[in-house]
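Worksheet: the structure to be examined is printed underneath.
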Amino acid sequence: MAFMSPKPSRSNSEDNLIPLINVVFLMLIFFMLAGQIMASDLFKVTPPEAMSPRPMETTDLELLMNSEGELAFQGQLIQLEALAEMVTHALDPLPYEANAPSITFSLKIDEQVTTAQLRPVLQALRSTPLSDIQLMTRQGAL
Amino acid sequence: MQLNLSRPRRRNLISLTPLIDVVFILLLFFMLTSSFIKWRNMELNVAQASTSSIQQEDKVVRLNTSATGEALFQDQAYTLDQLPALIERLQQDSIQHVILQPHDDNAIQQIIYLMDALKQHGIAQITLNTD
């Protein structure tokens with residue numbers, strides 16, 4: 001006796017895909033809505049945790065510093081000696097007054113950066129007309 | 001008369017496989033590029049206490065930190081848990097401004113924990129000393 005196995009129809013096999021598509025669509029919507037797409041930084045930086053209630057505002061200038069002490073200003077790798085000059089130069093064409101800071105500057109540093117590494121950077125920044133420095137942190141609980 | 005009406009076959013307008021391909025690619029893109037970090041801004045007051053006018057203010061206190069991140073005040077170390085006692089002591093002298101002088105070995109995370117705790121307990125102004 002010969003059994004003829006019924007050949008699965010194409011439409012049936014596609015019907016089985018619908019739950020899969022449902023799940024994938026849900027995941028897609030989750031990642032689209034919950035995640036934030038940001039331009040990747042020059043090197044990996046894990047910002048320190050803080051309880052600051054102020055959500056991040058976009059800043060005009062950004063200085064990046066990783067745990068090895070490497071610096072990147074506006075997406076460009078720089079040396080510490082050039083920092084003050086570059087920041088001053090970046091402030092130049094913009095209408096900047098030290099008393100009414102219209103230019104925002106953010107410091108994105110790795111949580112493992114030590115004071116010894118940070119001190120020369122802050123000293124260099126202090127020699128520029130910059131008065132308002134924002135430290136970028138991530139939300140955490142104390 | 002018997003009518004042989006066969007059920008009309010569902011017609012697929014588009015094939016599902018290319019659709020899944022595209023959706024998978026989109027999913028991969030969003031999974032790899034999305035960042036779930038909740039970014040926050042924290043104002044960083046930087047000063048050189050030796051040259052600044054803040055030294056002339058009366059209600060200012062200078063806090064050093066130890067290599068392990070404890071606050072040092074009058075030869076006594078305060079951990080984060082003991083900090084409320086220190087802040088209470090400072091507030092009795094109506095001190096609202098703290099100049100933080102971190103140890104060279106402190107990671108920025110330790111300093112921020114300390115700054116957060118000081119702020120949380122009512123110290124209005126915290127300045128990081130860069131001397």
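Order of the sequence lines sets the chain letters (A, B, ...), proteins ahead of strands, with each chain counted from 1.
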Interface check, chain B: of A:M32, A:R138, A:Q117, most non-hydrogen pairs under 4.5 Å belong to A:M32
Are B:Q101 and B:N64 close enough that a side-chain donor and a side-chain acceptor fall under 3.5 Å? no
Picking from B:T65, B:L114, B:L63, what satisfies side chain to side chain contact (heavy atoms under 4.5 Å, CB included) with B:P102? B:T65
Find the one option among A:S106, A:S67, A:G35 whose heavy-atom pairs under 4.5 Å with chain B are most numerous. A:G35
Any idea which heavy atoms bring B:I126 and B:N45 closest together, and the distance? O-ND2, 3.3 Å
For A:L118, which atoms come within 4.5 Å of any heavy atom of chain B: side chain, backbone, both, or neither? side chain
Does any backbone or side-chain atom of B:N106 lie under 4.5 Å from a heavy atom of chain A? Answer side chain, backbone, both or neither. both
Is it the backbone or the side chain of B:I37 that comes under 4.5 Å from a heavy atom of chain A, or both, or neither? both
Looking at CG of B:D104 and OG1 of A:T115, how far apart are the two atoms once the value is rounded to the nearest 0.5 Å? 6.5 Å
Quick one: pull up CG in B:L80 and CD in B:E70 and give me the separation to the nearest 0.5 Å. 9.0 Å
Working to the nearest 0.5 Å, report the span between CZ of A:F25 and CG of B:L26. 8.5 Å
Specify which of A:T114, A:T137, A:L28 makes the most heavy-atom pairs with chain B at under 4.5 Å. A:T137
In terms of heavy-atom proximity below 4.5 Å to chain B, should A:L125 be classed as side chain, backbone, both, or neither? neither
Side chain, backbone, both or neither: which part of B:L44 has an atom under 4.5 Å from a heavy atom of chain A? both
